Every structure is written in structure tokens, then in C-alpha cells.
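Input: a single structure, listed below in C-alpha cells.
Within every chain, numbering begins at 1; the chains are lettered A, B, ... in the order of the sequence lines, protein sequences first and strands thereafter. Given the structure is predicted, the values throughout are model-derived calculations rather than measurements.
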Number of protein chains: 2
Amino acid sequence: MPPAKKPAARPYHHGDLRRAVLTAALDVIAVDGPAALSLRDLARRAGVSHAAPAHHFKDRTGLLTAIAAEGFGLLAATLADASDLKDAGVRYVRFAREHPAHFQVMFTPQLLRADDLELATARALAADALRTAVSAVRPDDLGIDARLAGVAAWSLAHGFATLLLGHNLDGPVGDKDPEEVFRTLAAMLFRTGGKPDGPRS
Amino acid sequence: MPPAKKPAARPYHHGDLRRAVLTAALDVIAVDGPAALSLRDLARRAGVSHAAPAHHFKDRTGLLTAIAAEGFGLLAATLADASDLKDAGVRYVRFAREHPAHFQVMFTPQLLRADDLELATARALAADALRTAVSAVRPDDLGIDARLAGVAAWSLAHGFATLLLGHNLDGPVGDKDPEEVFRTLAAMLFRTGGKPDGPRS
DNA sequence: AGGCAATCTAGGCAATGACAAGTTTGGCTT
DNA sequence: AAGCCAAACTTGTCATTGCCTAGATTGCCT
């Protein structure tokens, strides 16, 4: 018998337990929210002992903090190649839909270790990307300063994404493509026509 | 001696345990989030046995559902006497700041019993109030239909409120009055001058 | 005064997070 | 190539919690 037949007979070392736990956690959170997360359950899913995850994340808060940091990294990358502020908003909404678990955890500070270095770094990265997108707005476009334009755009995108994920827009938006709807909203905020809309006085 | 000297010698019946538990729960949630909520802890705070709260709320989800329902009721009342859509937005933000615990729970569906009747009723009430405010907008004001205007206003207000509560605007907004800042944002969305801003082409 | 239902207490069970030792293993040094 | 070390993982344990069941107390209504 070939001893090299290293079967699924769970080797002592999982190989990539950290990623496995993260992925499983994202699944759970996307469906049932962060409150439903159980380290022991994640350990079972990964086929390891109940205390194994703690070695990678220290504790529950550590796991959630790692998820948030990953999320801010992904968001920063997504926003990095936005063409303008409106595009950044569209990307923001898309990110929330494609990574609902990350998004939820990123903006629930109570669940995170605020002083975590990785988290702070990733968050700063995302903030920079947002600032860059904001700076592309012509300041005289609306007679307002860029900082407020950024807050407005962020609020609109964040609110839309949040309400969308919470199924609060199922009625009004219905089966329409959310990104397209958001484009219309963004066009309302920044007058620059975004949708071939009706009569412009 | 007046026998009415009802001392703090904990009477068998609390008197208003339901309200006491709700209030304590709101305190905890406002500080540490819904995840930190413990029925046994609330019972201790109220000075009753560990299973007493369950009689009023059935279980943890029941308590949170009651909070959400109460929140939607309060929000509906707040929005009811809004003068216009922008005012409704300002009131929405104010509500979130004055009732952060309610607000947080209301928009975390994973924590709630979706089929609860009281919750559905209160939510419908709030939705009606919002619809009323939206209907006050002149449809031709922006060349867009009222439904989208409502979604835009709601998204902006909800996003701003959410980011505010999560301390994500501490930098940009600083120590400025949040309501005043929001008024400016709303003015950007609905061109009708809210702030003595620049030239209107 | 009697009785009833709501309110609250007491006890118990399974599950969880966190901690403390031990065990196995891959890889690096010598 | 032998040995060793630190990381990865396991096993065991404890306090806490949610929730269930059964029983005690009390206000209220007739």
C-alpha cells in the first residue's frame, strides 16, 4: 500500500485553515448575520478541533476584525480604478452586493477591535481611494466644497447599499437593476446628466 | 405610620418589568451594540430572576423585535409632521441620533422576527409617513418620478445617519452640527436652495 | 371571599467563548 | 542528515448564556 496516498484522512495540519475559516464565516454572515457566527461551528465545518480557529484569529472579535480589514482592502482596490465620483459610487454599491458579509462587518464597529493595525491600515487605504475620487469633482460644479460633495456621495451610496442589503428597497426598486437605479440617483445629486431623462428646462 | 411605605423590598411583581427591560436593553445596545445584549444581564439590572424577561418577550429575538417595532412607531410619529421631504430627511437623521439603539435594531433584519405583526404594522406606518413626505415633492421638479426621489432622499438620509452613528464622519464633518450638514446635502439633491449657495444656471 | 390568569422564581440542559496544557509537524540550522 | 524549535492543531475545562419546564406568588375580577 502506497503510504503517499495521503487521502482526505485529515492531516494534522489543515493546509489553509485561516482562509477556510474566513470563507465559512463569510458564508454564515451573508445568510444569517454576524450574530449567528460561532467559532465552534466554523471549526466543525473546516473539520478541525473546536479551538483551532482561535490560533489564527485569537477570538471572535479577531475573526471579525480580520474580515473587516480584508473588506476595506477589497473596497480600496475596487475604488482605485474608478473614473469619477459617480463611478466610485456605482462601484461602492456593487461591492456591497458582491461582498455583503464584508460590508456588514466593516460598518459594525461594535464587533471590531478598534485599535487593530491591519484594520486601520486597510481603512486608511479605502479612505484614500475615496478621497481621490472626490478630488476629481470640479469644485465649482455645484458651488460647494469637495469635502461636502464627498460626504454626500458617500452617504447616498452607503445608504442605498445598506437599504438594498436589508431588503428595504424591494418594493420601490423591484426587479430593476440596482446599479442602474443608483446611476439615476447619482445623476440627481450631481446634475451632470447620467440618464437620458426627460425635458431639461 | 403609613402602610403605603412600599419599600424597595422587591415586591414579587416588578410593576413595569417590560418597560424596565426595554430601557435597559436600549442602554446596552446604544453603547455596545445588539450583540452585547444578554437577557440574564437585563434581568439582573431589573432585579428579577433570570427567566422573568422571557415572559414578556418570549426570547431574545422577541425583545429585539419589540424594540424595532417601537422604533418604527417613534419614527412614524416623527415623520408625520414633516413639512416637506427635506424636513423629513432632517427628522430622520435626528431620530437616528436620538434613538441610536432603536435605529440600529430596526435595520438589522437578521435579529428580528420577520413575521411579527406589531413590527409589520409599525413598519407600514413609517413607510406611509415617508410616502406622504415624498408625495409633497413636485414631480416635475427634477424630471424624475416621485418614487425615485423618495429612494434618493431615503438613501441619503439613511446613509448619512448610519455613517454618523458609526463615527465614520467624525473627520469630514468634525464638530459641525450634523443636522445643518445634512441640510446642505439635501439641498444638493433637491436643487431648491437650502443653503445660500452659488449661481443657479 | 373565591378563583383565575398573569407575573415571577427555581432548576436544569445543551451550546458557546475563552483559556490552559499537551501533541504533532514542517522547516531551518548546524 | 540529525536535531530542534516554533507554529499549527487537539483535548479538556470553566463560566456564561439562551431556552425549556415546573412551581410559587399576587393582583384582579366576579
Side-chain angles (χ1 to χ4, degrees), chain A residues 3-25 27-29 31-67 105 108 110-113 116, chain B residues 3-25 27-29 31-67 105 108 110-113 116:
Chain A
K5 186 61 189 303
K6 203 178 348 172
R10 59 199 79 103
Y12 197 91
H13 286 76
H14 178 282
D16 196 0
L17 180 58
R18 185 185 159 92
R19 178 76 342 238
V21 169
L22 278 174
T23 304
D27 279 351
V28 172
I29 296 172
V31 175
D32 293 321
L37 208 78
S38 151
L39 288 183
R40 289 174 109 104
D41 176 50
L42 297 179
R44 277 189 291 267
R45 293 184 185 223
V48 294
S49 81
H50 62 87
H55 203 275
H56 290 274
F57 303 102
K58 169 67 180 172
D59 55 13
R60 226 182 89 102
T61 302
L63 170 58
L64 290 166
T65 302
I67 290 176
V105 173
T108 310
Q110 318 277 19
L111 300 177
L112 308 178
R113 200 172 321 273
D116 184 85
Chain B
K5 187 62 187 305
K6 203 182 344 179
R10 63 198 77 104
Y12 197 92
H13 285 77
H14 178 281
D16 197 0
L17 180 59
R18 184 185 160 91
R19 186 73 253 160
V21 169
L22 278 174
T23 304
D27 279 352
V28 173
I29 296 172
V31 175
D32 293 322
L37 208 79
S38 152
L39 288 183
R40 290 173 110 107
D41 176 52
L42 297 179
R44 277 189 290 267
R45 294 184 186 223
V48 295
S49 81
H50 63 84
H55 202 275
H56 290 274
F57 303 102
K58 171 65 179 173
D59 56 13
R60 227 182 88 104
T61 303
L63 169 59
L64 290 165
T65 302
I67 290 176
V105 173
T108 310
Q110 317 278 20
L111 299 177
L112 309 178
R113 200 173 323 272
D116 184 85

Shortest non-hydrogen contact between B:A36 and B:V28, atoms and distance:
O-CG1, 4.0 Å
Are B:L17 and B:H55 close enough that some pair of their side-chain heavy atoms sits under 4.5 Å apart?
no
A:F57 atom CZ is separated from D:dA8 atom P, nearest whole Å, by 11 Å
Where do A:D59 and A:R113 come nearest, in terms of heavy atoms and distance?
OD1-NH2, 2.7 Å
Atom NE2 of B:H55 and atom C1' of D:dA24 are separated, to the nearest Å, by 13 Å
So, do A:T108 and A:L64 sit near enough that their side-chain heavy atoms are less than 4.5 Å apart?
no
Among A:T65, A:L39, A:I67, A:V21, find the residue that satisfies the side chain to side chain contact (heavy atoms under 4.5 Å, CB included) test when tested with A:F57.
A:V21
What is the distance, to the nearest angstrom, from the CG atom on B:L63 to the P atom on D:dC19?
10 Å
Among all residues two or more places apart in sequence or in another chain, which pass the salt bridge (Lys or Arg N to Asp or Glu O under 4.0 Å) test with B:R44?
none
For B:A43 versus B:H50, what's the shortest heavy-atom pair and its separation?
CB-CA, 3.8 Å
I'd like a list of close polar pairs between nucleotides 16-19 of chain C and the protein, N/O only, cut-off under 3.5 Å.
{"unit_1": "C:dT16", "atom_1": "OP1", "unit_2": "A:R44", "atom_2": "NH2", "d": "3.2"}
{"unit_1": "C:dT16", "atom_1": "OP2", "unit_2": "A:R44", "atom_2": "NH2", "d": "3.4"}
{"unit_1": "C:dG17", "atom_1": "OP1", "unit_2": "A:L39", "atom_2": "N", "d": "3.1"}
{"unit_1": "C:dG17", "atom_1": "OP2", "unit_2": "A:L39", "atom_2": "N", "d": "3.2"}
{"unit_1": "C:dG17", "atom_1": "OP2", "unit_2": "A:R40", "atom_2": "N", "d": "3.2"}
{"unit_1": "C:dG17", "atom_1": "N7", "unit_2": "A:R40", "atom_2": "NH1", "d": "2.4"}
{"unit_1": "C:dG17", "atom_1": "O6", "unit_2": "A:R40", "atom_2": "NH1", "d": "3.1"}
{"unit_1": "C:dA18", "atom_1": "OP2", "unit_2": "A:R60", "atom_2": "N", "d": "3.0"}
{"unit_1": "C:dA18", "atom_1": "N6", "unit_2": "A:R40", "atom_2": "NH1", "d": "3.3"}

Check: A:L42 and A:R60 side chains under 4.5 Å, non-hydrogen atoms
no
Axis-to-axis angle for the helix from C:dA1-D:dT30 to C:dT30-D:dA1, ends of five pairs each, to 10°, equals 10°
